[in-house]
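Positions are given from 1 along the sequence.
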Amino acid sequence: VIEETGSAVEPPYHLILLDDNEHTYQYVIAMLGSVFGYAPEKGFAIACVVDSEGRAILMTGGLDRVKLKQDQVHGYGADPAMPESKGSMSAIIEPAVSPG
């Protein structure tokens with residue numbers, strides 16, 4: 001089925017935040033609030049997942065929107081609380097594969 005926009009429904013993609021040792025929980029919470037509008041509680045929960053599992057899904061959506069948010073994550077800058085922080089956190093894009 002073709003939608004009114006004239007394009008077929010595109011497959012969803014995940015934007016995945018990768019863990020590192022150069023950003024504090026406070027940085028992650030502030031960055032997620034700024035880029036995604038997430039409440040501090042959600043930011044903290046995502047920070048915990050990234051810290052314990054090495055990665056966390058930040059959002060799922062169309063490729064253009066996911067790329068835009070990836071650019072915003074990559075452009076957020078270094079963590080001012082950590083002198084060793086040289087820049088933003090890394091986020092990768094992966095297809096959201098439906099189970100089954």
Quick one: does any side-chain atom of [X] pair with a main-chain N or O of [Y] as donor and acceptor, under 3.5 Å?
| X | Y | result |
| --- | --- | --- |
| Glu84 | Glu22 | no |
| Ser90 | Leu18 | no |
| Ser34 | Ala30 | no |
| Glu94 | Tyr13 | no |
| Tyr38 | Leu58 | yes |
| Lys69 | Val35 | yes |
| His74 | Ala91 | yes |
| Asp19 | Arg55 | no |

If you measure from [atom1] on [X] to [atom2] on [Y], what distance do you get to the nearest 0.5 Å?
| X | Y | atom1 | atom2 | value |
| --- | --- | --- | --- | --- |
| Lys86 | Asp79 | NZ | CG | 12.0 Å |
| Leu68 | Leu63 | CG | CG | 11.0 Å |
| Met59 | Ile46 | CE | CD1 | 11.5 Å |
| Met82 | Gln26 | CE | CD | 10.5 Å |
| Ile16 | Ile92 | CD1 | CD1 | 5.0 Å |

Practice item. Would you please classify the geometry between the Tyr27 ring and the His23 ring as parallel, tilted or perpendicular, with 30° and 60° separating the classes? Key: tilted
Review point. Hey, mind stepping through Phe44 and Val28 against side-chain contact (heavy atoms from CB on, under 4.5 Å) and telling me if it holds?
Key: CA-CA 8 Å; Phe44 179 75; Val28 175; over 6 Å; no
Review point. Linking I/L/V/M/F/W/Y whenever any side-chain heavy atoms sit under 4.5 Å apart, do Val50 and Ile93 land together?
Key: yes
Does some side-chain heavy atom of [Y] sit less than 4.5 Å from a side-chain heavy atom of [X]?
| X | Y | answer |
| --- | --- | --- |
| Leu15 | Phe36 | yes |
| Arg65 | Thr60 | no |
| Lys42 | Leu32 | no |

What are the two closest heavy atoms between [X] and [Y], and how far apart are they?
| X | Y | answer |
| --- | --- | --- |
| Gly77 | Ser88 | N-OG, 2.6 Å |
| Ala78 | Pro80 | O-CD, 3.3 Å |
| Ile29 | Pro40 | CG2-CA, 3.8 Å |

